[in-house]
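Residue numbers start at 1 and run along the sequence shown.
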Amino acid sequence: MLGNLLLLWLAALPLMGSPGPATLSTAAVGATYGARRGLPWLAGICRGTATVLLLIATGVTAVVLTVPALKIAITLLAAAYILWLAWRIATAPPLSRQTEEAKAPAFPGGYLLAVANPKAFAAIGAVYAGHTVVAGDLATDAAVKIAALSLVIVLVNATWLVFGAMISTALHDPKKSRVVNVLFALLLVASVAVALF
């Protein structure tokens, strides 16, 4: 079982940790607002991604995706929200000009983005379906995979938040800050475009 678990983690880390809407937005929130103020966003991203994991594990995703109109509606709502978030990140003031009153993205937004993230469904679905950790016992296998992948969700997204916060120290210069904020926003939009097409 331990060998199978290690193989699951080895597959999950690069797939789930690679740049995508959730990871890039978390890094952008860390860079724009700092790690401490980004914790509510991180919690929303982690909880939303865990919801995706549960939807995949229970088979709900397969049922929802059989309704074409629902799939299109969810995709359009997700794209609109991610574009709005990218705009907020691109237009955020430099850290040196932010006050504690500047409102950082919060839990609900992170949760919504994670649940509507097409990359999460693809990456988690591939890892979850492609690995068996406990052969011969579907319930135990599902429970172990959910626990193991939940750890990956927290680790990967916390790492991106810390990365964003680490580069934020160089962003007190207004010009550098604007360039990095716009770059994160463009990468966020591009990650959605890649995931959709």
Which class fits the ring pair Phe163 and Trp160: parallel under 30°, tilted 30 to 60°, perpendicular over 60°? perpendicular

The remaining residues in the hydrophobic cluster of Trp87, counting side-chain heavy-atom contacts under 4.5 Å among Ile, Leu, Val, Met, Phe, Trp and Tyr, are none

Residues at least two apart in sequence or cross-chain that pass side-chain contact (heavy atoms from CB on, under 4.5 Å) with Leu155, listed by chain then number, are Leu13, Thr159

With Leu149 as partner, the option from Ile56, Val144, Leu53 fulfilling side-chain contact (heavy atoms from CB on, under 4.5 Å) is Leu53

For Gly110 and Ile45, the nearest pair of non-hydrogen atoms, with its separation, is O-CD1, 3.4 Å

On a heavy-atom basis, the closest approach of Ala106 and Trp41 is O-CE3, 3.5 Å

So CG of Asn157 and OG1 of Thr23: to nearest 0.5 Å the spacing works out to 7.0 Å

CZ of Arg36 to CG of Leu161, rounded to nearest 0.5 Å, is 12.0 Å

To the nearest 0.5 Å, atom OH of Tyr128 lies from atom CG of Leu54 at 9.0 Å

Here the gap from Tyr33 atom OH to Lys103 atom NZ, rounded to the nearest 0.5 Å, amounts to 10.5 Å

* Under the side-chain contact (heavy atoms from CB on, under 4.5 Å) rule, what do Leu8 and Val127 come out as? Steps first, then yes or no, please. => CA-CA 7 Å; Leu8 176 74; Val127 172; 3.4 Å; yes

Residues Val154 and Cys46: closest non-hydrogen pair is CA-SG, 3.9 Å

To the nearest 0.5 Å, atom CG of Asn4 lies from atom NE2 of His131 at 8.5 Å

Minimal heavy-atom distance between Gly34 and Ala165, with the atoms involved, is C-CB, 4.3 Å

side-chain contact (heavy atoms from CB on, under 4.5 Å), that's the test. Do Leu55 and Phe121 meet it? Break it down for me.
CA-CA 9 Å; Leu55 290 172; Phe121 283 93; 4.3 Å; yes

Taking every heavy atom of Ile124 against every heavy atom of Thr49, the minimum-distance pair comes out as CD1-CG2, 3.6 Å

d(Leu42 CG, Arg47 CZ) to nearest 0.5 Å is 11.5 Å

Tightest non-hydrogen contact, residues Ala57 and Ile146, listed as CB-CD1, 3.8 Å

